[in-house]
Amino acid sequence: MARGRNLGKSARPAPSSRKTANALGYAKRHTLKSKALSAGDLGDVYEYQQDKVRRSKVKLQLERDEMGGARSGSEEEEEGPAAKRKDARPRLVGENDDDDAIGEDEDEEIDSDEAFEESDNERYAGFSFTEKKKTGTKSKSKKKADAGRAVRFAEVDLNEDSDGVQPEAEIEDASEASDGDDDDEEEEGDPSEFIDVLDVLDGRGDPESEDEHQDVQKTGSSKKADVARTSEDEDEDDEMNSEEESEEDEDEDEDEDEDEDDKMDSASEPEDEEDDTALQHLEQFVSGLDAGQKRKAPDEDDSKDADPKPAARKRRLLPERTELGAENEFAAALSGGKLNLDDLLAPLEGQSSNLASLKKSAKVLASTSGKVRTLSAPLPQRTAEKLDREAAYEQTKEEVDKWKATMQRIKEAEHLSFPLQAEPKSRTSNLELAAKFKPTTELESAVDKLLKSAKMREDEIAQTETLKMNHLSVEEVAARRAELAKMRDLMFRAEAKAKRVSKIKSKTYRRLKKKERARLAAKLGEGSDDDLDDEEARLKREVDRARERATLRHKNTGKWAKAMRERGELDEDQRRDINEMLDRGERLRKKIRGEGDSGDEGSDDDASDEEGEDGAARIKSRAFDELAALDVDDSETPAGKSKSIFEMKFMKDAMAREQRKADEIADDFVKEMGGGDPDADDDADAEDGDQPSGAIIQRVGGRVVYRPGALNTGVRPVGSLASDTSSVTLKSTDLPPEARDSPPDNSPPGSPVSQRRVPPPTDEVNPWIAQTSNKGGLTKHEVAISKESATAEKSKNKLRKRVKNRLEEKAKALEDAAVDVSLSTVMTLANGSEAGPSKAGQSSKSKSSSKSASVAKGKARAPHDDDDSDSDANSEVEEQESALARKGKGKVKAFEQRDLVALAFAGDNVVQDFADAKRREIQEDAPKEVDTTLPGWGTWGGTGTKKAPPKPHFIKKIAGVDPTTRADYKKTHVVISEKRDKKAAKYQVKDLPFPYTSKAQFDRSMEVPLGTEWNTRLGFQRATLPKVVTKMGKLITPLEKHA
Amino acid sequence: MVKISVLQHAPSTHLPARPGDPTPTSRNLDPLMHPFARARERTRALNAVKMERMFAKPFIASLEGHVDAVETMARKPETLDIVASGSWDGGLIVHDVSRRTRLLQIEDAHKGKVSGVCFGQDDRLLSCGVDRNIKLWDSHKGFEQDESAAGPSARKPISIFPGKTAFNSIDHHRYDPLFATGSNLVQVWDETKSAAISNLTLPTSTETVTAVRFNLAEASVLASIGSDRSFTLYDIRTGKAERRIIMQMRSNALSWSPTFPTTVLLASEDHNLYTFDIRALNTPTQIYKAHVAAVMSCDWSPTGLEFVSGGWDRTVRIWKEGAGTQPEVYHTKRMQRVTSTLYSGDSRFVLSGSDDGNVRIWKAHASDKLGIVTARERAAIEYRQGLKARWKGDAEVSKIARTRHLPRPVHKAAQLKREMLDAARVKEERRRKHTRAGENKPKAARKKVVIAEQS
């Protein structure tokens, strides 16, 4: 750091003879060491102890010899932290030689600037400050030791008599480097200045105060020094340890710190200059004694091996010795050494009690005047300001960074409603209102006056109460409290009950409650009427009455009349009115009776009038009811008469015949009327269960369905049904060829193939359901066809449809005309149809057609869902029956099921068809060239003309899909359509929109529609809530810091 | 007897439970009953976006009164629409935008152009001009005196703060009675003192400061831009210029975000706008590219989510924060170079002052409906917005939403610019291709903006 850089600068002198110098220095050290060992002075006490560690002793030696730097204890104190830092990376003596070359090249000034730009800036930006602080704190702990050393050294100086030549040399060096040192000083000052700025920003203090602080520290340390003197031995031990540690550190850090090598240069140099001649040393010493004090840094670095403190001790000693040598008023000036504070204090040694305090107070002076020390020059303004700015920026950044969380939240918010920092809405409490209240109107002021006079106003009430309470006896107070408690309890109970009651959901309970309430209200109303004769209530009653008069004058059941009646006592007017009303009602009724001969009940008539349209339906239903009643009668009569003529067989037969006829008629009637009779159906079903033959008849008598003979076209073999649904592209290739080729009407359309079917249990007519279901089926079919898209198929389909329509019409006509269908024809036809499955298909097909027919006819005889299932079941049953019958007859007995299937699929080469279809598809899609030349245009005609090749611009190229690039290329079992679905393309996006990261995510977001049709109201609102909500005319203020 | 069943409707099923509630809808929520959801919604989205374009009529009014170009505008803080504008002829007008009246008009507020105006505390108005004076006006008196025939020219400023050089910009502290000016110095003044109380100028700077602005949330932070292509950050607490960046091109205007206190917006001469985070000034956080000439002015919406910029290309553009392209663009036949722009206090309107001497009022959202919007209508609007947002990826929808008809010169300029930029890019690519691999790497556009960061 700054300290280190100082050292770097002092590396100016040429280090040419460094090695030799080192060697010499080493020799000297040894000699000195032996001398020192022989001389047993105060210093030796320490040395003795240091002797435990060999190296440390050497250090001490070295310091004594080489470290001549004019350096005082206080200075050392000041630089304590820096020194400490240095301790972390000490060097061995020998190393410095290697580092030298680098150090030399560097120019001082440039060096300083550059260094600042690069590394130090960063450090100052935050890191080094903290470090500094840390070191500062650490140093405080260490300071004791330092101080101890410093003072101790001074003492040692006093006692020691060693030659001053060597130290002088050092001092001379220092003077030489004084120019550079000035700079160094500035930078030395840096760290402290940085701290100042930071502190200023932090608000901890300003630079001045910081300086003061430092001074205080110094003084403090000096105090400590005194203390330390007492416990010197311990300190010494500490010292030793720290030194050892530093040595170890040194070894470790050697490789790491490159830039510190520069600093080391300076460290090495003083050594080099040791071997300058003694004379020179002397001269230089005399001249440069003042500046010499700055040699601290080199000293320290030199003393990486040795303890820096002893060196200081040495230095201290020199000037005193000279003074001692020449003890007159002129000699002091001649010697060049400045008068020290200590010198002045020396005579006072005797009064030790005074001296201590005096020294303390004079310490501040001593730090400046005692040493020959110049104030460190301030940093160049530019640099200083730059550093200030840096620090200020950091501070501002820190300040601004407090918004980070807020900004983050705003950024990430799903919805923002501006203004963001809405004023907190405080609800005005009663107390607040009461406090603010000032009577404005007369009434208010009157009330206020009253309250005031009674001392019952809000602010006084407590006081008055307490006053009153003062006069109460104990019993009274107790009673009051008991009453209050009771009230509270009652209130609580009532509340609880109300809560319970409000949760009752029973309707009857509610009704009862309501009635009760009404009664109560009526009672209350009477009471109120009596005493107040409420104007409003009367008005309301009048309105009621007027309304009644306008509508129901003939009745006394109106609200008003009821109310009147309930009231009991009527005045004349009212009675008259009621009478009039009743009269009118009577007259009306009479009138009705006189004119309408059939309808004797007015209410009935009214009802019928009201319903109007429903009249016909009603009549119908009544007729049905009658029919049902008849049926019931019929069924009951025979049961009732057990032994009579009707019980005889022929009578029974005749009756049955009659019955059947009647049933038929009834059925016909029912059918005509379009109303399904559930009873009849039930009967039919019952009879089905009873007797099969009867069931057949009933069926015949019930719904009769006609259908064309064979609608093979639409029919598919049962086995191939699955393929129909599997793929659109498969088309109808799997249709049996004969089915495709065979003419649509195999059987004559005229021949009625009637299916015995249970008439659908339609007690209610719901044409919508029927129609929609049917339509759905039809549309589905059409869609399928259209997708198959082969024109041939389309045309075929059309043909099929047309045939179907024709057949249906015919069937309709037939149905209208003939009701009777002989069972035999049905049977024969059923037998005549060759194969089971095909027949089944037929039947189902015809069923559907019949359905459509019936719908088209408009007869509301739509099949229900259950009806469908019924019919399906029936068809299955029929199929089985027919199969049984066939077996019974023995005609198709030889056929096994397998054979039947084989027969059914005879000639149905599905695979081949599929391959063909695929080939066709591929051909269609393949790129084509179409010659669009119009024949006869642009060419010569006549005989002998050659046909010219088509002109290229008439050849239209259709870029289809190359067969080899198809997706289903070499996949024989599938056809993958290469056609682009233009309509679907609209709803697809080319690439994933921005905020989404995956297709699935995007799909999910698009899955649920936004609109109200697909969402609940709340869901809709939530989904469409805009991200930013502002209000027109609502001021939005910038964010504010809230204290 | 025939039993008659009477149809009965419980009112609770078809009437709102409480007066304010919406009427219960009787519809089937089964999605199967509403097929083709996607198709229908897409069509609706398409209609919505078409409607948006159809109803995009942003221009509301023009406020006249200035003889020369409007140089500067400022909205009175804590108000919606009290706006002061100063022009090149030295005139100063305080507009009441909603009533479209002039609350105060001073014909010769300054000799030469009024280069900056701002509102101080207590209805005071500060203006600075190239006549080297800052003048403090009492605008409140003006509000009252407007009817009286005192005459605008008779007005005298409360106080005059003389300066040494022409002032270019002025801005008032949000809370304290301090204001900052930019001339060739950045100075901070007290309203009650006749001389500047501090000079924050960076010692090394020799530039002309073109604009100074106080941060809004962090009121002591100040920023300036100068002719030296610099942006400088100050803090009046430390009383220092703290950091300066030098950019590729100089900026013409700056504005602090009201909701993001670290964000500052610069309108640059290089046709772009930049937002910077003052915590990291080495790169802009976003570049906004669409103008085809220098951007002359910019102002944040009070929401801090949008901002408006006016350019030398005679267009006003409204940007969404963080979306660097395709801003809304407003232009009029008669609108000249836009020299100042401003948002209204509720973020619904935008003002632009231009070379033609008019202050124009625009809607901030072109197709907004002015006037009362019922709940139903709002729901419909919100639904449309939602649909637009959802289907913005759809080609047709996005195309309609994107397309703007621009004046021919602007369109042509945009074309030309695109071409030039493409050419430059291609050239750069070729150059790179023919140098040794890895020698010069492509540099992100964001990294190119700041040349140096100084402290």
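None of these values were measured; they are calculated from a predicted model.
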Original post:
Do F307(B) and Y343(B) have ring centres separated by under 6.0 Å?
Top reply: no
Original post:
Checking heavy atoms, do the side chain of R384(B), its backbone, both or neither come under 4.5 Å from chain A?
Top reply: neither
Subject >> Part of Q454(B) within contact of chain A (heavy atom distance under 4.5 Å) >> reply: neither
Subject >> Main-chain N/O of S255(B) paired with W300(B) side-chain donor or acceptor, under 3.5 Å >> reply: yes
Original post:
Between L420(A) and chain B, which part of the residue has a heavy atom less than 4.5 Å away: side chain, backbone, both or neither?
Top reply: side chain
Original post:
Quick one: do E453(B) and R244(B) make a salt bridge, cutoff under 4.0 Å?
Top reply: no
**OP:** Name the member of P419(A), A1023(A), P1026(A) that forms the most heavy-atom pairs with chain B at distances under 4.5 Å.
**Re:** P1026(A)
Original post:
Looking at A241(B), S344(B), S301(B), G393(B), which one has more heavy-atom pairs under 4.5 Å with chain A than the rest?
Top reply: A241(B)
Original post:
Under a 4.0 Å N-O cut-off, is there an ion pair linking K402(A) with E399(A)?
Top reply: yes
**OP:** Look at E385(A), K986(A), K983(A) and state which one has the largest set of heavy-atom pairs under 4.5 Å with chain B.
**Re:** K986(A)
Original post:
Does any heavy atom of chain A fall under 4.5 Å from the side chain of R42(B), the backbone, both, or neither of them?
Top reply: side chain
**OP:** Kindly say whether T275(B) contributes a backbone atom to a donor-acceptor pair with the side chain of T285(B) at under 3.5 angstrom?
**Re:** yes
Original post:
Is it true that a side-chain atom of H173(B) and a backbone atom of D176(B) form a donor plus acceptor pair closer than 3.5 Å?
Top reply: yes
Original post:
For L202(B), is it the side chain, the backbone, both, or neither that has a heavy atom closer than 4.5 Å to a heavy atom of chain A?
Top reply: side chain
Original post:
Taking 4.0 angstrom as the limit, do K363(B) and E328(B) come out as a salt bridge?
Top reply: no
**OP:** Identify which part of W391(B) has an atom lying under 4.5 Å from any heavy atom of chain A, answering side chain, backbone, both or neither.
**Re:** side chain
Original post:
When heavy-atom pairs shorter than 4.5 Å are enumerated against chain A, which of R40(B), M33(B), E321(B) gives the highest number?
Top reply: R40(B)
**OP:** Please look at T406(A) and chain B and tell me whether the side chain, the backbone, both or neither of the residue comes under 4.5 angstrom of a heavy atom of that chain.
**Re:** neither
**OP:** Name the region of N1015(A), side chain, backbone, both or neither, that has any atom closer than 4.5 Å to a heavy atom of chain B.
**Re:** backbone
Original post:
Taking atom types as modelled, is there a side-chain donor on Y393(A) or S455(B) under 3.5 Å from an acceptor on the other?
Top reply: no
Original post:
Is it true that the side chains of Q1001(A) and T997(A) contain a donor and an acceptor less than 3.5 Å apart?
Top reply: yes
**OP:** Tell me, for L233(B) versus chain A, whether the close heavy atoms (under 4.5 Å) come from the side chain, the backbone, both or neither.
**Re:** side chain
Original post:
Hey, does the side chain of T303(B) reach the backbone of L305(B) with a donor-acceptor pair shorter than 3.5 angstrom?
Top reply: yes
**OP:** Could you tell me whether the side chain of Q421(A) and the main chain of E1040(A) form a donor-acceptor pair under 3.5 Å?
**Re:** yes
Original post:
Around R510(A), counting heavy atoms of other residues, nucleotides and ligands shown, do more than 12 lie under 6.0 Å from its CZ?
Top reply: yes
Original post:
Given that the side chain runs from C-beta out, which part of A395(B) has a heavy atom under 4.5 Å from chain A: side chain, backbone, both or neither?
Top reply: neither
Original post:
Any sub-3.5 Å donor-acceptor pair from T383(A)'s side-chain atoms to L379(A)'s backbone N or O?
Top reply: no
Original post:
Who among L216(B), L370(B), T262(B), D235(B) has the most heavy-atom pairs with chain A under 4.5 Å?
Top reply: T262(B)
Subject >> Per-residue contact mode, F994(A) against chain B (heavy atom under 4.5 angstrom) >> reply: neither
Subject >> chain A contacts, top residue of P203(B), A219(B), P302(B), G345(B) (heavy-atom pairs, under 4.5 Å) >> reply: G345(B)
Original post:
Between R38(B) and E41(B), is a side chain to side chain contact (heavy atoms under 4.5 Å, CB included) present by the stated rule, with each step listed?
Top reply: CA-CA 5 Å; R38(B) 192 168 284 198; E41(B) 291 232 305; 5.9 Å; no
Subject >> Per-residue contact mode, A39(B) against chain A (heavy atom under 4.5 angstrom) >> reply: both
Subject >> Toward chain A, the part of F349(B) with a non-hydrogen atom under 4.5 Å >> reply: side chain
Original post:
What residue in G322(B), P77(B), P261(B), S257(B) has the most heavy-atom pairs under 4.5 Å with chain A?
Top reply: P261(B)
Original post:
Quick one: of T1037(A), I410(A), T1012(A), L1035(A), who has the most non-hydrogen atom pairs under 4.5 Å with chain B?
Top reply: L1035(A)
Subject >> chain A contact via L387(B) - which portion, at a heavy-atom distance below 4.5 Å >> reply: both
Original post:
Please walk me through it: do R237(B) and E218(B) pass salt bridge (Lys or Arg N to Asp or Glu O under 4.0 Å)?
Top reply: CA-CA 11 Å; R237(B) 285 169 299 193; E218(B) 200 62 52; 3.7 Å; yes
Original post:
What residue, out of K1027(A), E1013(A), K397(A), has the most heavy-atom pairs lying under 4.5 Å from chain B?
Top reply: E1013(A)
Subject >> Test item: R213(B) side-chain N/O and D171(B) main-chain N/O as donor-acceptor pair under 3.5 Å >> reply: no
Subject >> Heavy-atom proximity to chain A below 4.5 Å, by part of R348(B) >> reply: side chain
Subject >> Residue part contacting chain A, namely of R75(B), when any heavy atom lies under 4.5 Å >> reply: side chain
Original post:
In terms of heavy-atom proximity below 4.5 Å to chain A, should Q385(B) be classed as side chain, backbone, both, or neither?
Top reply: neither
Subject >> Which portion of V989(A) sits near chain B, non-hydrogen atoms under 4.5 angstrom >> reply: side chain
**OP:** Could you have a look at Q988(A), R1017(A), K990(A) and say which one has the most heavy-atom pairs with chain B under 4.5 angstrom?
**Re:** R1017(A)
Original post:
Around atom CZ of R402(B), are there more than 12 heavy atoms of other residues, nucleotides or ligands at under 6.0 Å?
Top reply: yes
Subject >> Side chain, backbone, both or neither of T79(B) within contact of chain A (heavy atoms, under 4.5 Å) >> reply: backbone
